[in-house]
Amino acid sequence: MRASELGRQALRVNPARADHLVATRAAVSVVVPLLVVVWLGRLDWAPWVSFGALTSLYGRTVLDRDRFGQQLWAGASLCAAVVSGVLISGLPHVEWWVVVLGSVVSFAGSLLGDAVRWHPPGPLFMLFGLAVCASTGVGASRAPVALVVCASTVAFSLVVGQVGAAVGGRLGRPRIPRPHFTRALTPEDALRHLLRFVLATSLAGTIATLVGGTHPYWAMVAACAALGGPDLAARLVRGVHRVIGTLVGLVLAAAVLGVHPRGVWLVVVIAALQWVTEVLVGRNYALACVFITPLALSMGQLAHEVPVNALIVDRGWETLLGAAVAILVLLAIPSNRTSITRQ
């Protein structure tokens, strides 16, 4: 594809499709459990709650009757990723365990995501959940608590999803048909698809770890994010979007975190950023990444505060690294077939 066509795709803003209803559902699923965590004084539970709440993001493009199934699969996968991260969190050299298990999660998540056809596609949130929970250092003994907390949040998100479906129906929300495979994937193409995830995430994580990054999993997540999309052109555009949106988002993150919001105020900030993200993510991924960046960093600060300047710098270069690795892998392992298309 020509550079001019890639440029047009990168600048395209898709029309709105009842995104405000999806955004409200996601914001409620995030803010209520986080407020409970703050009220209980258990900020160490914040990562487990945050990733369980991401269940609400799935099934945004399917009919209401299909949403529960997609969210159930996604919620179970998120719980598995969170518990896996906690189980390895006390091991020495945990960053290398994250590289290895993160690649496995990317492989398994991409395979399951294609089989279930969930949306958003791919294993990004599972990889992110594993890595963040592994970095907390709480130790394997906390795994049962992590499972209960995460599963409870998943259950809450499922309830919110069904209530949102009922409310959306009464408001006359347009029915969005379920995504479908435009062409059957051959075993060869499926293998290439899985190899891309394994190679890109493991290579990005290895380089970031060797260089001495404080959050090497950010490079892995950026690589995983760039691999999403129905074809090569869409994936390349997504990689460019990730970089541009993140770099602009770091300016917003510096402004947000620079005032040092705490407790309930930080939860309010997270909910607002989550809402805006979900309004934009289906329209233009670069615009969404502007808000995804401060959202991710704010969630991290809720559980464990670190110096903002170092956080900003690390997020920037590790995202550049991950996106660059993903683009190189995409060019090295191309595929002319299309997997899932959005209707």
Side-chain angles (χ1 to χ4, degrees), residues 19-20 22-57 78 82 85 124-125 128-129 131-133 135-138 146 149-150 152-153 156-157 160 213-215 217-218 221-222 225 242 245-281 286-319:
D19 297 308
H20 63 288
V22 179
T24 300
R25 189 169 65 237
V28 171
S29 296
V30 169
V31 70
V32 172
L34 284 180
L35 285 176
V36 172
V37 164
V38 172
W39 177 63
L40 293 174
R42 298 308 306 254
L43 293 181
D44 55 314
W45 293 358
W48 311 335
V49 162
S50 299
F51 287 103
L54 293 181
T55 301
S56 63
L57 305 185
L78 287 164
V82 165
L124 187 148
F125 294 131
F128 197 15
V132 169
C133 293
S135 69
T136 58
V138 296
V149 171
C150 186
S152 299
T153 310
F156 176 73
S157 296
V160 171
T214 56
H215 299 83
Y217 59 82
W218 281 344
V221 170
R242 184 77 180 191
T246 296
L247 294 180
V248 176
L250 289 175
V251 178
L252 178 59
V256 170
L257 298 179
V259 300
H260 302 288
R262 298 286 187 279
V264 173
W265 286 112
L266 184 53
V267 172
V268 171
V269 168
I270 289 171
L273 291 170
Q274 183 74 69
W275 193 89
V276 176
T277 294
E278 292 309 308
V279 167
L280 295 175
V281 72
L287 292 176
C289 284
V290 173
F291 297 92
I292 288 173
T293 301
L295 171 62
L297 298 184
S298 296
M299 285 183 169
Q301 293 291 77
L302 182 63
H304 178 63
E305 186 175 3
V306 298
V308 174
N309 290 339
L311 199 66
I312 297 294
V313 172
D314 285 343
R315 179 75 175 195
W317 77 261
E318 288 175 11
T319 297

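FYI, side chains are in, hydrogens and waters are out, and symmetry mates aren't considered; it's all heavy atoms of this structure.
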Less than 4.5 Å apart, side chain to side chain, heavy atoms only: is that true for [X] and [Y]?
{"X": "Arg315", "Y": "His215", "answer": "no"}
{"X": "Leu34", "Y": "Ser50", "answer": "yes"}
{"X": "Leu57", "Y": "Leu54", "answer": "yes"}
{"X": "Leu40", "Y": "Trp45", "answer": "yes"}
{"X": "Ile270", "Y": "Val31", "answer": "no"}

Heavy-atom closest contact ([X] atom, [Y] atom, distance):
{"X": "Thr136", "Y": "Cys133", "answer": "OG1-O, 2.7 Å"}
{"X": "Leu280", "Y": "Leu287", "answer": "CD1-O, 3.8 Å"}
{"X": "Trp317", "Y": "Asp314", "answer": "NE1-OD1, 3.3 Å"}
{"X": "Ala27", "Y": "Ala271", "answer": "CB-O, 3.9 Å"}
{"X": "Val37", "Y": "Ala46", "answer": "CG1-N, 4.2 Å"}
{"X": "Ser56", "Y": "Ser157", "answer": "N-CB, 4.0 Å"}

Using distance only, find each side-chain donor-acceptor pair of residues 292-299 under 3.5 Å and give its atom names and separation, not counting sequence neighbours.
{"from": "Thr293", "atom 1": "OG1", "to": "Cys289", "atom 2": "O", "distance (Å)": "2.8"}
{"from": "Ser298", "atom 1": "OG", "to": "Pro294", "atom 2": "O", "distance (Å)": "2.6"}

inquiry  = Once you measure the plane-to-plane angle for Phe128 and Phe51, does it fall in the parallel (<30°), tilted (30-60°) or perpendicular (>60°) bin?
reply    =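 Judged by the thresholds at 30° and 60°, the geometry between Phe128 and Phe51 is perpendicular.
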
Quick one: pull up [atom1] in [X] and [atom2] in [Y] and give me the separation to the nearest 0.5 Å.
{"X": "Tyr217", "Y": "Ser135", "atom1": "OH", "atom2": "OG", "result": "4.0 Å"}
{"X": "Trp218", "Y": "Thr319", "atom1": "CH2", "atom2": "OG1", "result": "8.0 Å"}
{"X": "Arg42", "Y": "Trp48", "atom1": "CZ", "atom2": "CH2", "result": "7.5 Å"}

Only distances under 3.5 Å count here; give the side-chain donor-acceptor pairs of residues 254-267 to other protein atoms, sequence neighbours excluded, each with its distance to 0.1 Å.
{"from": "Arg262", "atom 1": "NH1", "to": "His260", "atom 2": "O", "distance (Å)": "2.9"}
{"from": "Arg262", "atom 1": "NH2", "to": "Glu305", "atom 2": "OE1", "distance (Å)": "3.1"}
{"from": "Arg262", "atom 1": "NH2", "to": "Glu305", "atom 2": "OE2", "distance (Å)": "2.8"}

key: side-chain contact (heavy atoms from CB on, under 4.5 Å) evaluation trace for Gln301 with Val269   = CA-CA 12 Å; Gln301 293 291 77; Val269 168; over 6 Å; no

ask   = Do Trp275 and Thr24 meet the criterion of a side-chain donor-acceptor pair at a distance under 3.5 Å?
value =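 Note: Trp275 and Thr24 side chains meet the donor-acceptor criterion.
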
task = Would you sort out whether Val308 and Ile312 count as a side-chain contact (heavy atoms from CB on, under 4.5 Å), showing the intermediate values?
result = CA-CA 6 Å; Val308 174; Ile312 297 294; 4.0 Å; yes

